[in-house]
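One is the number of the first residue; the rest follow in order along the sequence.
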Amino acid sequence: MPHGHADLGEPTPRSVFYDQGRFGRLFPTLPTFAADTPLLRDALSELGAKGGPMDAGDDLSDPITLITDPAKSVNNPDNPALTAGFTFLGQFLDHDMTFDPTSSLARQQDPESIRNFRIPALDLDSVYGGGPGASPHLYDSTIDGGRTTFLIEEIPGSAAVSVGNETRFDVPRNSQNTALIGDPRNDENVIVSQFHRALLGFHNRVLADVKSELGPGSTVGEIFSEAQRLVRWHYQWLVIHEFLVKTVGGGLVDDVLDNGPKHFKWRNNPYIPVEFSVASYRFGHSQVRPSYRANFGTSASDPTQQFFAFIFDPSAADPDDPADLRGGRRAPRRFLDWQTFFDFGDGRARHNKRIDTKLSTPLFDLMGQAPGEPTSLAIRNLLRNLTMEVPSGQRVAKAMKLPALAPADLADLQPFHLNERTPLWFYVLREAQVTADGEHLGAVGGRIVAEVIIGLIMGDTQSYLRQEPAWTPTYGTDESFTTVDLLKAADVVAALS
């Protein structure tokens, strides 16, 4: 059943058939949460506006005390269950699953007519690109003729501003500082860019081990393919057994692994449901801190020597080395010390924010938006739920036969007339806040996220779940594998003593 002239903007039916590479729906018979009217758009814009109900109202006078002074986090509390790095691991996963450069906030969109330019799988195509043959700019031409090893570049001057005078490294860049990586969105901020760099290093480590194990009789193509398989399988295992377990709970993960998805079904190949991509999976926006300690600078103990910065700061004027954590730059101090972001057992890790209906204030002043486009991330998400015709959280809960939030839990939305027909994105955030104290997703949001992510891996014929479901990692400890293990294997964790 073809989609006709969907790409020309003509409407297409709400079907249960999906072409590979399309967005689609988990619940195609459910209506949009509300009709698209100027009055509704005004209500959504008021709800998501800077200074509005969703703005945490952070004191942006000092990025350091936003982290060190608990009194400044009363309205935007930390999440004791998750460290700061999981926010950006989640962002990286999103970029690996989806890429939609075409949809608009100004008009309604049929998800089935929008092509996902990213293969809907957790296969690291955002890192590998088209491989050494099709994406040679990603690979080091001085090794094996550019057929095996990722290119990683030194950050000039980094040793002078690093504990122990250790040289730090970056993703490769061209003469205009544009990152040469498989997905340009992985250079949106320093944190996700440095995680991308860590995956490059992890591949190179695995490749060296594979080359040693297979010996001189193997071709460079065989060595690369085996290294890529191992990297992908470790990554998929980490996504399921660490990221998802911490995000939705181990019991739900085990249920989906053992019994398969209840609601995420597909024909031919998996697709990306809009209930996931523009609603449930955007829970991570609530986890973003207003500021972070990017690195320890020249001192593991003196905060004045460390690099603290807001995640985004439009007033940061230096074009080459702005005083925030935006990407697209290379400067001596623009590297990460991962001990802040994940728990290495040394007491240095910081937490992300709870999953709730408050977003950190810098997210209401996004940079780089087109003229006339809202700069509030909250407004953009709420309008996306409208233009992509996402059903209400209440209807989705009923369709999933899961408990819906009580009317009192959404009473603050009554002035916006959204308390009985709540946008799914807002509903998922409030559900986590009410039912899990913001530490992880609730029943509706958690099941959507777990089913889609595990379903994508199940739908990938080259994944470990399809090829060898009893496989266990070899680069961790006790047949486990965490983000800390990945970072250590990638040799991106500098000693701080």
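- Here the two rings, on Tyr139 and Phe150, have centers that are under 6.0 Å apart.
- Around CD of Gln467, the count of heavy atoms belonging to other residues, nucleotides or ligands within 6.0 Å exceeds 12.
- No side-chain donor from either of Thr387 and Asp36 sits under 3.5 Å from a side-chain acceptor of the other.
- Salt bridge status for Arg334 with Asp170: absent, with no side-chain N to carboxylate O gap under 4.0 Å.
- Between Phe342 and Trp338, the ring planes lie tilted relative to each other; the angle falls in the 30° to 60° range.
- The list of salt bridge (charged side-chain N to carboxylate O under 4.0 Å, His left out) pairs with a residue in residues 429-438, not counting sequence neighbours, reads Arg354-Asp437, Asp412-Arg430.
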*Steps toward side-chain contact (heavy atoms from CB on, under 4.5 Å) verdict (His137, Ser135)*: CA-CA 6 Å; His137 57 288; Ser135 303; 3.9 Å; yes
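- Less than 6.0 angstrom separates the ring centroid of Trp471 from the ring centroid of Tyr464.
- Nearest heavy-atom pair, Asn385 versus Ala279, reported as atom, atom and distance to 0.1 Å: OD1-CB, 3.9 Å.
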*Any chance you could lay out the side-chain contact (heavy atoms from CB on, under 4.5 Å) test for Val288 and Asn352, step after step, and finish with the verdict?*
CA-CA 6 Å; Val288 177; Asn352 63 17; over 6 Å; no
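- In this structure a side-chain-to-backbone donor-acceptor pair under 3.5 Å is present from Asn75 to Ala56.
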Please report, to 0.1 Å, the donor-acceptor pairs under 3.5 Å made by any side chain of residues 441-453, with sequence neighbours excluded.
from   : atom 1 : to     : atom 2 : distance (Å)
Arg447 : NH1    : Glu451 : OE2    : 2.7
Arg447 : NH2    : Asp255 : OD2    : 2.7
Glu451 : OE1    : Lys262 : N      : 3.2
Glu451 : OE1    : His263 : N      : 2.8
Glu451 : OE1    : Phe264 : N      : 3.1
Glu451 : OE2    : Lys262 : N      : 2.9

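- Residues Phe27 and Met400 have side chains in contact (heavy-atom distance under 4.5 Å, counting atoms from C-beta outward).
- Considering only heavy atoms from C-beta on, Pro473 comes within 4.5 Å of Trp237 through its side chain.
- Residue pairs meeting the ring-ring contact (aromatic ring centres under 6.0 Å, His included) criterion with at least one partner in residues 176-196, sequence neighbours excluded, are Phe92-Phe195.
- Contact annotation: the side chain of Val253 approaches that of Ile240 to within less than 4.5 Å [non-hydrogen atoms, C-beta and beyond].
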*Test ring pair (Phe, Tyr, Trp, His ring centres under 6.0 Å) applied to Phe202 and Tyr475, step by step*: CA-CA 10 Å; Phe202 182 55; Tyr475 280 88; 5.6 Å; yes
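- No donor-acceptor contact under 3.5 angstrom links the side chains of Asp337 and Thr340, judged on distance only.
- Annotation for Arg395: atom CZ does not count as buried by contact number, only 12 or fewer foreign heavy atoms lying within 6.0 Å.
- In this structure, the separation between CZ on Phe312 and OG1 on Thr361 is 14.0 Å, given to the nearest 0.5 Å.
- Just one residue in the list Val231, Leu199, Leu138 forms a side chain to side chain contact (heavy atoms under 4.5 Å, CB included) with Val127, and that residue is Leu199.
- Put simply, the side chain of Asp96 gets close to the backbone of Leu124: a donor and an acceptor are under 3.5 Å apart.
- Under 4.0 Å is where a charged nitrogen must lie from a carboxylate oxygen, and between Arg289 and Asp78 at least one such pair does.
- Here the two rings, on His203 and Tyr128, have centers that are under 6.0 Å apart.
- Note that CZ of Arg326 and CG of Asp324 are 4.0 Å apart. Values are rounded to the nearest 0.5 Å.
- Ionic pairing of Asp365 and Lys50 is present here: one or more N-O contacts between side-chain nitrogen and carboxylate oxygen are shorter than 4.0 angstrom.
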*salt bridge (charged side-chain N to carboxylate O under 4.0 Å, His left out) assessment of Arg185 paired with Asp183*: CA-CA 5 Å; Arg185 297 173 299 166; Asp183 190 324; 2.7 Å; yes
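- Between His241 atom NE2 and Thr482 atom OG1 the span is 13.0 Å, to the nearest 0.5 Å.
- At least one donor-acceptor pair closer than 3.5 Å links the side chain of Ser45 to the backbone N or O of Arg41.
- In this structure, the ring of Tyr427 has its center no less than 6.0 angstrom from the ring center of Phe283.
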